[in-house]
Each structure stands twice: as C-alpha cells, then as structure tokens.
Peer 1: 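Below is the structure I would like to discuss, written out as structure tokens.
Just so we're on the same page: letters track the sequence lines, and every chain starts at 1.
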Amino acid sequence: MAKITKQSENFSKWYTDVILEADLADYGPVKGTMVIKPYGYSLWGNVKRVLNNMIEETGHENAYFPLFIPKSFLEKEAKHVEGFAKECAVVTHSKLVSEDGILTVDPSSKLEEEIIVRPTSETIIWHMFKKWVTSYRDLPIKINQWANVVRWEMRTRLFLRTSEFLWQEGHTAHATKEEAIKETLMIVDMYKSLFEDHLAIPTMIGRKSNMERFAGADETYSIETMMRDKKALQAGTSHYLGTNFGTAFDVKFQSKENKEQPVFATSWGVSTRMIGALIMVHGDDKGLKIPPRIAPHQVVIIPINPKNEEKKKFDNYVDTVHSMLKESNIRCSIDSSNNSPGFKFNNWELKGAPLRIDVGLKEFKSGNVTVCRRDTGEKQEMPIKSLNTLTSTLEDIQKAMYDSANIFLEENTFELNDYNEFKKLLSKENCFIKAYWDGSDASELKVKEQTKATIRCILEDVNDPNLKCIFSGEPAKHLVVFAKAY
RNA sequence: CGGGGUGUAGCGUAGUCCGGUUAGCGCACCUGCUUUGGGAGCAGGGGGUCGGGAGUUCAAAUCUCUCCACCCCGACCA
C-alpha cells in the first residue's frame with residue numbers, strides 16, 4: 001500500500017490519496033464518474049440510515065420518480081432553466097446500429113422530444129403534484145426520494161463534484177406560505193443535527209445571497225462547513241420555493257371556503273458530497289477518522305499469535321471479545337487476514353476505524369485486551385470484563401471529534417470591518433470571515449473578483465445605521481460569512 | 001473553446017535528445033519457505049499491440065506526418 005501525501009504538502013492530493021487508498025471509491029470509465037466501493041458504500045449506508053429515520057420521523061414518505069424528464073418540463077420555470085441548462089445530459093436517440101462491430105447512433109431513432117437525465121427532480125415532481133392536488137384535503141404532501149442525479153460538470157472530484165451522484169431530495173407541497181417556510185426551517189434543523197450529532201461536523205447556517213441561491217427558489221438555506229484546508233463546503237441545502245413551481249406547473253387547490261389557491265413548495269437535499277466533507281473535516285496524515293456513530297467498523301480486533309500457540313484457546317478468546325462487543329451493540333470485526341500486525345495497524349488507521357483492539361498472547365494470558373483510539377492514538381490495556389465501557393468510549397470519541405472540529409472552525413473564523421485587512425488576510429490564508437454587507441450583487445461580485453471569496457451564507461439581518469458594508473461602506477443589511485469555497 | 005503538457009505491464013516510472021542486444025526498475029500479483037506487538041525477508045515466476053495508423057530506414061519506444069485519449073491552467077460550475 002502506498003503512503004499518502006501529507007495534508008501540508010498538497011491537500012487535494014491528500015484527499016484523493018485517502019479515498020483511493022482507504023478503498024472508499026475509484027474512478028469510473030466515463031469522465032467525472034465514480035464507483036463507490038463497498039467500504040465507502042457502507043459508510044454512505046450508515047449516514048443514509050440515520051437520515052432516513054429522521055426524514056420519516058418528521059412525517060415524510062419515501063417514493064421514487066423517474067430518471068428521465070421531458071425537456072419541456074425544464075423550460076417551465078425560467079430561473080430553473082437558466083441554472084441547469086448548461087449541465088444536462090440529454091437523450092436524443094433510442095437505438096444504435098452495429099456495422100462490423102462498430103456502433104453508431106441510428107438516425108431514424110431520433111426522439112421527437114429529447115429527454116433530460118434529471119439534474120434534480122422539482123419539475124417531474126410538480127408535474128405529478130398537479131395530478132394529485134385538487135383540494136386542501138390533499139395537502140400537505142411530504143415526499144422524499146433517494147436517487148441518483150446527473151450534472152455534467154466541467155471539473156469533477158471524487159465525492160465533491162461528480163457527474164452522477166447519489167442524494168436524497170425532499171419535495172413538499174403546502175397550503176400556506178407559513179407552513180412551507182416552517183418546513184424549510186425544520187429541515188435545516190434536521191440537517192444540523194445530522195451533521196453535528198452524527199457526522200461530528202460543526203456547521204454554519206444561514207440564507208444564501210441572490211447570487212448563490214438555488215435556481216428557482218425564493219430562499220435557500222445552506223449548511224456550510226469548514227474543511228481542514230479552511231475552505232468552505234456547502235454540505236446541504238433547504239429551499240423555500242414559494243409558488244414558483246406551483247405556478248409553473250399550474251398546481252392549485254380549493255380551500256375549505258371553496259376558493260382556488262396557489263400551492264407553496266419546498267425542496268431540500270444532501271448528497272454523497274457529505275462523505276467528502278467528512279473526509280476533509282476529520283482526516284489527518286494517517287488517513288480517515290470516522291465518527292463512531294456512522295463508522296462501518298466501530299471496533300476492529302487484531303489478533304496477534306504468530307506461532308499459533310494454544311491456537312484453539314486463543315481463537316476462542318478472540319471470539320469471546322468479539323461476541324462481548326456485539327452484545328454491547330458495537331459494530332465490530334476481526335481482521336484475521338495474513339498481513340503483519342504493523343500493516344493492519346496502519347491500514348485501519350487509514351480506514352479511520354475509531355477503536356482498535358489488539359489481542360496478543362500477552363493479553364490472552366492475562367485476560368486483557370489493548371484498546372487504541374484512532375483520534376488520540378492513546379493505548380490502554382484493560383481486562384476483558386471492562387469491555388462494556390467501550391460503548392461510552394465510543395461516545396467520548398464522537399464528542400471529542402466534534403469538539404476538535406468546532407475549535408478548528410472557531411479558531412479560523414474572524415470578524416472584520418476593514419476591507420484592506422480582509423484582502424490581506426485572505427491572500428495569506430484561507431479562513432471564514434464574518435463581516436457586514438450592503439446586500440448588493442455588485443459588492444458581492446467585486447469581493448469575489450478581488451479575493452475569490454464568496455458569501456457562504458447570511459447569518460443575520462441588521463438594521464443599525466452605524467453598521468457599514470465592509471466593501472462599499474454603505475449601510476449594512478446583513479451579517480454574512482465570506483470564504484473561498486469548493 | 002483558448003494556452004501548456006503527457007501517453008511504455010494493474011499503478012508509478014527508466015530508456016526518446018543522439019535509431020542498434022531479449023524494453024529495464026519499483027509497487028502490486030502468483031508459488032514456496034521463513035516470518036508476524038507499528039507498513040516482513042529470501043528465492044522463483046507470470047504479465048508489454050511502448051496510445052492508434054501511416055511513413056523514413058537494413059533496423060523505430062526512439063525520427064517524420066496524422067489521428068486519438070487524458071491531465072494541468074483559464075473559461076464554465078458550486
């Protein structure tokens with residue numbers, strides 16, 4: 001196994017090395033595509049399970065809508081078209097012909113209306129909602145789907161931006177604006193809990209500016225996270241769509257008072273990009289660090305008995321450790337491969353297993369095990385009787401990982417009022433900068449041009465004539481976070 | 001689509017300028033033996049349309065032409 005590049009040497013290279021070496025994923029044959037390998041998929045699966053529970057517990061139902069969308073659907077919402085037109089995969093024909101083993105598109109099979117591979121599903125879902133909604137009794141509709149979507153991006157990176165990715169997309173329809181806004185915010189809280197309580201990733205949450213808002217939304221809330229290179233990653237979004245899609249797809253309902261009324265919408269999603277965030281928030285030069293709650297293996301047991309002494313009894317001892325952990329509902333496995341202990345230690349550190357248990361003859365004879373923490377590197381020998389304390393050790397690790405990420409975020413977030421300092425700081429290092437902004441596209445654009453930093457989100461609105469925009473000096477409307485972003 | 005670069009075994013590369021043995025090496029892989037508490041050692045072995053095509057030559061990985069693919073920077077995207 002190759003050694004991975006150090007973070008300080010080349011962070012992007014480190015990121016790619018970790019993914020490939022830890023066996024999370026591999027490149028697909030079509031540019032920008034990715035194969036999620038079993039270890040990566042198991043990680044995704046754990047996150048998915050947690051989030052799916054949250055989604056269902058908050059009253060949403062899973063469903064599945066088609067991958068293919070008629071091109072005309074995308075034309076119906078003006079801003080939505082603008083946002084997605086340039087990155088769509090388009091199906092134009094339905095047949096190939098083979099001549100001497102060479103396949104070419106059969107011109108006679110040209111489709112009358114081209115089909116788009118969904119970049120997101122608002123349009124097809126609202127097409128269906130029109131069929132489903134006629135009365136106030138039909139509302140609200142709260143749908144979620146787990147799906148793949150395709151966005152034909154120019155520059156791709158494993159997990160962060162791939163041509164095809166997996167996600168969940170929630171789509172809801174409501175009778176009132178208030179209810180839709182409440183839903184949008186409730187989802188933001190749900191994501192916050194997913195990130196902070198399960199992925200151990202601290203978040204910065206707020207609305208998007210006009211320029212960064214989702215194509216077709218009235219308001220976009222975003223979950224912003226800080227990677228170890230201090231760049232920002234938008235890790236999830238929740239959109240209040242107003243009546244934009246309801247109007248575009250002519251969805252209306254009759255109220256109790258027999259009045260025709262518009263339908264209000266939300267949509268929200270998180271994707272496999274989250275795995276990218278997880279890697280870049282917690283990882284170190286040894287590799288991944290996976291928070292216990294979502295780790296595929298919370299504990300990995302390494303038996304060390306080179307000469308196979310007392311083989312039967314020794315193996316029994318290892319099995320006992322294994323089953324004791326399983327009884328405590330800990331996800332654990334035994335690495336009984338033929339590799340050397342040193343190889344296994346490094347390998348499981350690379351793969352980010354939170355705890356490792358070494359069982360050698362020494363431990364076997366004394367009725368002990370040696371427990372090693374991935375986050376601190378701390379080793380401790382303990383009697384087998386105490387294995388049940390590992391449940392709380394895992395919780396400690398979970399918390400410690402969040403705390404250390406949170407300290408990192410705080411240490412690299414600055415509040416500034418002076419644009420020269422702002423430019424100076426950003427030219428020196430990446431960081432988050434909290435500052436006041438006048439709310440204009442022009443100021444935001446200029447800042448982006450001059451520093452490459454964008455407004456990640458609006459933290460709060462302000463109304464104090466003494467507060468001035470950091471760029472223009474005009475009266476400030478919002479407190480925002482600026483950062484260079486992925 | 002502009003500017004630059006690279007194609008040699010699964011991966012990484014030497015050789016290309018200046019044509020000349022059987023295309024070399026590391027990792028990975030296979031077999032065997034010895035090993036195993038922080039990335040094991042030794043021995044043996046398998047694997048190559050040198051990106052494709054055409055040309056020059058007694059002779060091409062090497063020179064010429066051409067096509068293709070990919071990468072980086074920009075543009076685009078977030």
Side-chain angles (χ1 to χ4, degrees), chain A residues 1-5 10 12-13 16-17 20-23 26-33 82-89 119-120 149-157 159-163 165 167 208-209 211-215 217 220 222-225 227 231-237 269-271 273-274 276-277 285-287 300-309 311 314 335-351 356-366 368-372 374 377 379 381 448-449 452-457 483-486:
Chain A
M1 192 185 321
K3 291 210 169 159
I4 56 176
T5 306
N10 182 341
S12 312
K13 185 89 194 325
T16 310
D17 283 354
L20 298 176
E21 295 297 332
D23 228 18
D26 202 351
Y27 291 102
V30 173
K31 185 171 143 58
T33 61
E82 251 178 69
F84 287 106
K86 280 182 247 166
E87 52 185 62
C88 284
T120 178
V149 289
V150 169
R151 295 182 188 176
W152 212 263
E153 303 280 3
M154 305 293 280
R155 294 189 68 181
T156 55
R157 297 195 60 194
F159 287 112
L160 290 187
R161 191 180 292 108
T162 45
S163 313
F165 56 90
W167 75 349
K208 283 291 190 187
S209 67
M211 291 181 46
E212 298 275 333
R213 189 179 294 148
F214 175 73
T220 289
S222 143
I223 317 290
E224 297 290 329
T225 56
M227 306 298 103
K231 280 168 83 174
L233 182 72
Q234 175 182 307
T237 46
V270 295
S271 71
R273 173 182 268 195
M274 206 162 28
D285 285 345
K286 289 181 171 175
V300 175
I301 303 166
I302 316 275
I304 307 166
N305 184 12
K307 302 210 173 13
N308 278 328
E309 291 173 42
K311 181 166 172 25
F314 178 84
D335 184 350
S336 50
S337 67
N338 255 333
N339 295 309
S340 69
F343 181 93
K344 291 180 189 178
F345 298 158
N346 284 291
N347 192 232
W348 286 108
E349 277 160 10
L350 171 61
K351 291 190 153 201
R356 196 184 74 225
I357 290 183
D358 303 341
V359 183
L361 289 172
K362 187 177 74 176
E363 288 87 351
F364 166 58
K365 282 173 183 156
S366 53
N368 287 351
V369 295
T370 298
V371 178
C372 181
R374 172 64 177 90
K379 275 188 195 176
E381 193 163 339
K448 184 179 179 180
E449 269 172 36
K452 290 194 175 156
T454 50
I455 294 177
R456 300 321 307 155
C457 63
K484 288 181 203 161
Y486 274 98

Peer 1: Counting the atoms with a prime plus P, OP1 and OP2 as sugar-phosphate, which does Leu160(A) contact under 4.0 Å by heavy atoms, base, sugar-phosphate, or nothing?
Peer 2: nothing
Peer 1: Mind checking the P distance from A9(B) to A23(B)? Whole angstroms is fine.
Peer 2: 14 Å
Peer 1: Nearest 0.5 angstrom please: Ile304(A) CD1 to Lys344(A) NZ, how far?
Peer 2: 8.0 Å
Peer 1: What is the distance from CZ of Phe343(A) to P of G37(B), rounded to the nearest Å?
Peer 2: 14 Å
Peer 1: Please state how far atom CG in Asn338(A) lies from atom P in U34(B), giving the value in whole angstrom units.
Peer 2: 13 Å
Peer 1: Quote, to the nearest angstrom, the C1' distance that separates C77(B) from A14(B).
Peer 2: 40 Å
Peer 1: Does Trp152(A) have any ring-ring contact (aromatic ring centres under 6.0 Å, His included) partners at least two apart in sequence or in another chain, and if so, which?
Peer 2: none
Peer 1: For atom P, what is the distance between G38(B) and C25(B), given to the nearest Å?
Peer 2: 32 Å
Peer 1: Can you tell me the distance, in whole Å, between the CZ atom of Phe364(A) and the C1' atom of U36(B)?
Peer 2: 18 Å
Peer 1: When rounded to the nearest 0.5 angstrom, what is the spacing between CD in Glu153(A) and CZ in Arg161(A)?
Peer 2: 5.5 Å
Peer 1: List every contact pair, protein side and nucleotides 72-76 of chain B side both N or O, where the distance is under 3.5 Å.
Peer 2:
{"residue": "C73(B)", "atom": "OP1", "partner": "Arg155(A)", "partner atom": "NH2", "Å": "3.3"}
{"residue": "C73(B)", "atom": "OP2", "partner": "Arg155(A)", "partner atom": "NH1", "Å": "3.4"}
{"residue": "C73(B)", "atom": "OP2", "partner": "Arg155(A)", "partner atom": "NH2", "Å": "2.3"}

Peer 1: How far, in whole Å, is G44(B) from U62(B) if one measures between their C1' atoms?
Peer 2: 33 Å
Peer 1: Closest approach to the side chain of Arg161(A), judged atom by atom: which nucleotide of C77(B), G39(B), U36(B) is it?
Peer 2: C77(B)
Peer 1: Between A54(B) and G12(B), how far apart are the P atoms? Round to whole Å, please.
Peer 2: 28 Å
Peer 1: Which dot-bracket string describes RNA chain B (Watson-Crick N1-N3 plus N6-O4 or O6-N4, or G-U N1-O2 and O6-N3, all under 3.5 Å; [ ] crossing; | other strand)?
Peer 2: (((((((..((((......[...)))).((((((.....)))))).....(((((..]....))))))))))))....
Peer 1: What is the distance from CZ of Arg157(A) to C1' of A78(B), rounded to the nearest Å?
Peer 2: 13 Å
Peer 1: Between Pro306(A) and Lys448(A), which has a closest nucleotide on RNA chain B that is more 5'?
Peer 2: Pro306(A)
Peer 1: Name the nucleic acid region contacted by Glu349(A), choosing base, sugar-phosphate or nothing; use a 4.0 angstrom heavy-atom cut-off, strictly under.
Peer 2: base
Peer 1: Verify the distance criterion only: is there a donor paired with an acceptor across the side chains of Thr220(A) and Glu212(A) at less than 3.5 Å?
Peer 2: no
Peer 1: In whole angstrom, give me the gap between the P atoms of U16(B) and U21(B).
Peer 2: 12 Å
Peer 1: Using 0.5 Å steps for rounding, measure from the NZ atom of Lys351(A) to the CD atom of Glu21(A).
Peer 2: 11.0 Å
Peer 1: Any idea which heavy atoms bring Gly83(A) and Ala215(A) closest together, and the distance?
Peer 2: CA-CB, 3.7 Å
Peer 1: Under 3.5 Å, is there an N or O donor on one side and an acceptor on the other linking the side chain of Glu363(A) and the base of G37(B)?
Peer 2: yes
Peer 1: Rounded to the nearest 0.5 Å, what's the gap from CG on Asn346(A) to CG on Asn339(A)? Could you check?
Peer 2: 11.0 Å
Peer 1: Main chain of Lys448(A), side chain of Thr454(A): is a donor-acceptor contact present, judged purely on distance under 3.5 Å?
Peer 2: no
Peer 1: Return the CD1 to CD1 distance between Ile302(A) and Ile357(A), rounded to the nearest 0.5 Å.
Peer 2: 10.0 Å
Peer 1: At under 4.0 Å between heavy atoms, what does Arg456(A) touch on the DNA or RNA strands: base, sugar-phosphate, or nothing?
Peer 2: nothing
Peer 1: Measure the distance from CG on Leu233(A) to C1' on C77(B) and round it to the nearest whole Å.
Peer 2: 14 Å
Peer 1: Taking for each residue the nucleotide of RNA chain B bearing the nearest heavy atom, is the 5' side occupied by Thr454(A) or by Cys372(A)?
Peer 2: Cys372(A)
Peer 1: Can you figure out which of U36(B), G39(B), G38(B) approaches the side chain of Phe345(A) most closely?
Peer 2: G38(B)
Peer 1: Checking only heavy atoms, does the side chain of Lys344(A) share a donor-acceptor pair with the base of G37(B) at less than 3.5 Å?
Peer 2: no
Peer 1: Taking only the P atom of each, what is the distance from C63(B) to G15(B) in whole angstrom?
Peer 2: 13 Å
Peer 1: Distance to the ring centre below 6.0 angstrom and angle to the axis at most 45 degrees; does that hold for Arg356(A) and Phe345(A)?
Peer 2: yes
Peer 1: Take atom P in G26(B) and the same atom in G41(B), then report the distance between them in whole Å.
Peer 2: 13 Å
Peer 1: Please work out if Lys379(A) contacts a base, only the sugar-phosphate, or nothing of the nucleic acid, heavy-atom cut-off 4.0 Å.
Peer 2: base
Peer 1: Measure the OG-CD1 distance between Ser222(A) and Ile455(A) for me, rounded to the nearest 0.5 Å.
Peer 2: 12.0 Å
Peer 1: At less than 4.0 Å, is any side-chain N or O atom of Ser340(A) found next to OP1 or OP2 of A40(B)? Yes or no.
Peer 2: yes
